[in-house]
Colleague: 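Here it is, the structure, as structure tokens.
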Amino acid sequence: MALSSALLAQEAQISQNPGAIELTPITLISGGQENVEATGGVVVTDEDLEILQPTNMSELFSRNSAVSVSGGAGPAQRIYVLGLEQSNLAVSVDGVPQGVTSWHHTGSNVVDPAFLNSVTVEAGAAAADTGFAAAAGAISYETMGARDLLADGRSQGGRVSLSYGSNGRGLSASLAGYGVYEGFDWFAMIHGADGDNYESGDGLEMDGTAPGVQGLLAKLGYEFEGHRLELAYEYNEDDADRVIKMNMDLYGDGIDRGVYPLKVTNNTLTLKYTSTAPTNAWDPEAMIYVTRDEYWRPDYDPERTNGDMDLETESIGGVLKNTYTLGQGTISAGLDWAYDDYSVDNYGDTDRRFWNMNTMQIGLFAQGRFEFDNGIDLSTGLRLDNQRFTDWTSQSRSDSGVSVNGTAAYEFADGYEIFAGASRTWLGYDLGEYGLLHARTADFRVAADFEPATATNTKLGLNADQGNWTGNLTFFDTRLDGLGSYNTDGQYDEDPATFGYLENGGEYRSKGFTLQGAYTWGSGRVGGSFTKADVTLDGEDKLPDGGTGMPFGELATLYIDQEIPQYNLTVGGNLEWAGDLSGDYLSEAGFYDHSSYAVVNVYGEWRPESHDNMVVRLGIDNLFDEDYYERSSYVERDRGGRDIDPLYAPGRTVTLGLNVDF
């Protein structure tokens, strides 16, 4: 439901019962479900998505300071939660795990925001049933379905969306059809975008940033005698000319400025079973999935071993779980498994090499969520996982580990709650950025003492809920130890000059606090957040060179949405601010200071009185044409006498859009 409709409904209720409308309470457990915002996490609802109309991941998280997204073209954008890249979180789309990021010059994934219905980000300690290897939290993307869009009383419908934007954004279009008939429901949506390279606030054209996304989402559901089956298929593709290393600009002296064909695709096929008539003892869910991700870079430089390459990941897995409802809460218990196959082909004309490795994981989990009458909430869980890793030399190693988590909250006064939580997570054998193998020599190895990685999280904070306003303060400390690192310095066993190897890296740590608040007055809302995080590697400030962790510093957001009923308008906007990053640790490594920036985005939506199924939207991103690069982007660097520049974000961009439901 669009915010305008939601706010009008609120206004009607307020007129009948003043003061009845409140924000969603900020409590740890409510109705047997966890509220991730209560411990510093992020929720992007369907109403938020209607307001934001995001075309990429940066816009998707623009109102949340805990999440930063590096800039550039869609497939270049990397998602960081409190300064740690999303490969270190359990990331899923409709429950399907998304795996690791293949290479630090690529983005985190190919999720198309046009298909999304909601996003949930657990920052830090994650529940046992969110998935395997939730080192620094979890990100759960949920896509649209027929029952999300059908108006009351209707059995079928459709939606068409068109938009055109300046500054290279170009044309974006999507078409969806959906309906229900007896026990069947169906949903199908296609989306595509085409445009040009954008310019930064200073008018610099950023090569390789033209939109190139295409996608398809289809779902077919059938309900019978208390059961539901759903078959879903999602395809996402970004196919365009890109710079060869997408996380940095190529305008420095001595650097190749060319663009080359690049195709990034994702295929997911899912079959899911749920019960439509659950009982306290029987509320099952079963799912099996198959995915294929591909990063194909042809025609770069076939004479070089690190030129052309094809990265592929194929996965098959599933989950089987049941939720038990007790007097004081729920327990979710079950098992999940996944077989992942990774391949790297540098298919150059000279010295061609092919790398292949795979992992097999199976885990048992249980997570309890309880509300007690004395004001205490408790969420606690346990996982037991086993993993086998077979490397590119056909050597296998296996191990098992236990993961535990617990978070407790106490409401010490009406509407005020303190909480504390901790987790210790077994991550299995972390493969890191396996795309690095494309440039390795044939005798590259895995270190003999390579072992599973681990993570620890602690949290402490305060929640407040006072009718029309809510707030949250969370202190966090996350440590990742033993992640995979591709060492190219040799020193393997007793032949130090010969071999590079995959080894366990050092300790990444993110420590700081995040503050969130929101207020609603029936016809509008205002909110914001502030996050400060210190990111280190082995106790030293993390350099802004891409990869697992990036310096975070201080980030803040502020947003406002206001309904103007007499004109059928909704207007609003948001501010994104980042503090500067500077210090000897940057200059000594050849990096320049990371400048502070403030960016304002505004929008207006009009719903004609005679056509309430139509919404016209005008948005202006980067209203004041700020020249900046987003936090978590690669920072300008002097490397051996040549400058490597960051990918600057788009300058002022004006977009006019039309959504019609029919």
Side-chain angles (χ1 to χ4, degrees), residues 34-44 48 54 56-71 77-93 97-101 104 107-109 111 113 116 118-127 130-131 133-141 405 407 421 423 425 427 430 453 455-459 461 472 474-480 483 508-516 529-537 542 544 546-557 576 578 630-633:
E34 284 168 301
N35 182 350
V36 300
E37 292 177 295
T39 56
V42 171
V43 176
V44 184
D48 296 326
N56 55 52
M57 307 309 287
S58 179
E59 295 173 1
L60 176 65
F61 293 111
S62 62
R63 293 187 170 195
N64 304 280
S65 62
V67 183
S68 58
V69 182
S70 60
Q77 294 186 332
R78 302 195 78 183
I79 300 170
Y80 289 82
V81 178
L82 304 176
L84 299 174
E85 201 267 337
Q86 75 159 45
S87 295
N88 305 292
L89 290 83
V91 182
S92 64
V93 178
Q98 296 302 289
V100 300
T101 303
H104 62 277
S108 296
N109 51 21
V111 176
L116 292 177
S118 66
V119 185
T120 301
V121 181
E122 292 186 69
T130 58
I139 305 178
S140 301
Y141 299 96
N405 73 85
T407 303
S423 68
T425 308
L427 309 179
D430 180 74
T456 58
N457 289 276
T458 55
K459 278 187 175 185
N472 167 272
T474 301
F475 295 91
F476 60 85
D477 188 354
T478 296
R479 300 172 187 246
L480 313 178
L483 300 180
Y508 287 87
R509 184 179 187 184
S510 177
K511 182 180 181 181
F513 70 91
T514 185
L515 176 67
Q516 306 177 57
S529 61
F530 176 85
T531 302
K532 176 178 172 56
D534 296 320
V535 182
T536 59
L537 173 59
K542 182 66 180 67
T548 298
M550 287 285 279
F552 196 89
E554 299 173 344
L555 293 180
T557 62
E576 303 172 66
E630 298 175 81
R631 188 56 46 85
S632 299
S633 295

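Position 1 is the first residue of the sequence; numbering continues from there.
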Colleague: If we check side-chain contact (heavy atoms from CB on, under 4.5 Å) with Arg509, which of these qualifies: Thr456, Asp477, Thr478, Leu84?
Modeller: Asp477
Colleague: In the structure I gave you, are the side-chain heavy atoms of Ser510 and Phe476 within less than 4.5 Å of one another anywhere?
Modeller: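 Yes. Closest side-chain heavy atoms under 4.5 Å.
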Colleague: Please give me the minimum heavy-atom distance between Ala123 and Val81, naming the atom from each residue.
Modeller: CB-CG1, 4.0 Å
Colleague: Before giving the answer on side chain to side chain contact (heavy atoms under 4.5 Å, CB included), spell out for Asn64 and Thr531 the whole-Å C-alpha distance, their side-chain angles and the decisive distance to 0.1 Å.
Modeller: CA-CA 9 Å; Asn64 304 280; Thr531 302; over 6 Å; no
Colleague: Kindly say whether Gly71 contributes a backbone atom to a donor-acceptor pair with the side chain of Ser633 at under 3.5 angstrom?
Modeller: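 The answer is yes, because a donor-acceptor pair under 3.5 Å joins these two groups.
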Colleague: CG/Leu82 to CG/Leu555 distance, rounded to the nearest 0.5 angstrom?
Modeller: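 If we round to the nearest 0.5 Å, Leu82:CG and Leu555:CG are 10.0 Å apart.
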Colleague: Test of understanding: with side chain to side chain contact (heavy atoms under 4.5 Å, CB included), list the residues that count as partners of Val100, not counting sequence neighbours.
Modeller: Ser87, Tyr342, Tyr434
Colleague: Can Phe61 and Ile79 be said to form a side chain to side chain contact (heavy atoms under 4.5 Å, CB included), step by step?
Modeller: CA-CA 9 Å; Phe61 293 111; Ile79 300 170; 4.3 Å; yes
Colleague: Would you kindly say whether Ser632 and Ser70 are connected by a side-chain donor-acceptor distance under 3.5 Å?
Modeller: no
Colleague: Taking only residues two or more places apart in sequence, or in another chain, which ones meet Lys542 in a salt bridge (charged side-chain N to carboxylate O under 4.0 Å, His left out)?
Modeller: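 Expected list: Asp545.
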Colleague: Does Ala455 have any side chain to side chain contact (heavy atoms under 4.5 Å, CB included) partners at least two apart in sequence or in another chain, and if so, which?
Modeller: Ala135, Thr425, Leu427, Leu480
Colleague: Could you list the residues that satisfy salt bridge (charged side-chain N to carboxylate O under 4.0 Å, His left out) with Glu122, not counting sequence neighbours?
Modeller: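 Salt bridge (charged side-chain N to carboxylate O under 4.0 Å, His left out) check on Glu122 returns nothing, list empty.
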Colleague: Kindly indicate whether the side chain of Val119, heavy atoms from C-beta on, has any atom under 4.5 Å from the side chain of Ile139.
Modeller: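 With C-beta onward as the side chain, the pair touches.
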Colleague: Side chain to side chain contact (heavy atoms under 4.5 Å, CB included) with Ser58: which residues, sequence neighbours excluded?
Modeller: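 Partners of Ser58 under the side chain to side chain contact (heavy atoms under 4.5 Å, CB included) test: Asn56, Val69, Gln77, Glu630.
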Colleague: Between Ala134 and Ala90, which heavy-atom pair has the shortest distance, and what is it?
Modeller: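 Residues Ala134 and Ala90, closest heavy atoms: CB-CB, 3.8 Å.
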Colleague: Output the distance between atom CD (Gln98) and atom OG (Ser140), rounded to the nearest 0.5 Å.
Modeller: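 Spacing of CD (Gln98) from OG (Ser140) equals 10.5 Å.
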Colleague: Distance from Thr407 atom OG1 to Lys459 atom NZ, nearest 0.5 Å?
Modeller: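 If I round to the nearest 0.5 Å, the distance is 7.0 Å.
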Colleague: Measuring from atom CG of Asp430 to atom CG of Asn88, what distance do you get when rounded to the nearest 0.5 angstrom?
Modeller: 7.0 Å
Colleague: Under a 3.5 Å distance rule, please check whether Asn35 uses its side chain to pair with a backbone N or O of Glu37 as donor and acceptor.
Modeller: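 Judged by distance alone, yes, a pair lies under 3.5 Å.
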Colleague: Shortest non-hydrogen contact from Ser423 to Asn405?
Modeller: CB-CB, 3.7 Å
Colleague: Which residues pass the side chain to side chain contact (heavy atoms under 4.5 Å, CB included) test with Phe513, sequence neighbours left out?
Modeller: Leu473, Phe475, Phe530, Lys532
Colleague: Go through the steps for Tyr141 and Ser92 under the test side chain to side chain contact (heavy atoms under 4.5 Å, CB included), then give the verdict.
Modeller: CA-CA 6 Å; Tyr141 299 96; Ser92 64; over 6 Å; no
Colleague: Could you state the interatomic distance from CG (Leu515) to OG (Ser529), rounded to the nearest 0.5 Å?
Modeller: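 Answer for the CG-OG pair, Leu515 versus Ser529, is 8.0 Å.
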Colleague: Have a look at Gln516 and tell me which of Thr474, Val42, Asn472 forms a side-chain contact (heavy atoms from CB on, under 4.5 Å) with it.
Modeller: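 Among the candidates, only Asn472 passes.
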Colleague: Nearest 0.5 angstrom please: Thr101 OG1 to Arg78 CZ, how far?
Modeller: 5.0 Å
Colleague: With side chain to side chain contact (heavy atoms under 4.5 Å, CB included) as the test, would you mind laying out the steps for Leu60 and Val44 before giving the verdict?
Modeller: CA-CA 8 Å; Leu60 176 65; Val44 184; 4.2 Å; yes
Colleague: Restricting to non-hydrogen atoms, name the atom on Gly83 and the atom on Phe552 that form the minimum distance, rounded to 0.1 Å.
Modeller: N-CD1, 3.3 Å
Colleague: So Thr536 and Tyr508, do their side chains get closer than 4.5 Å, heavy atoms only?
Modeller: no
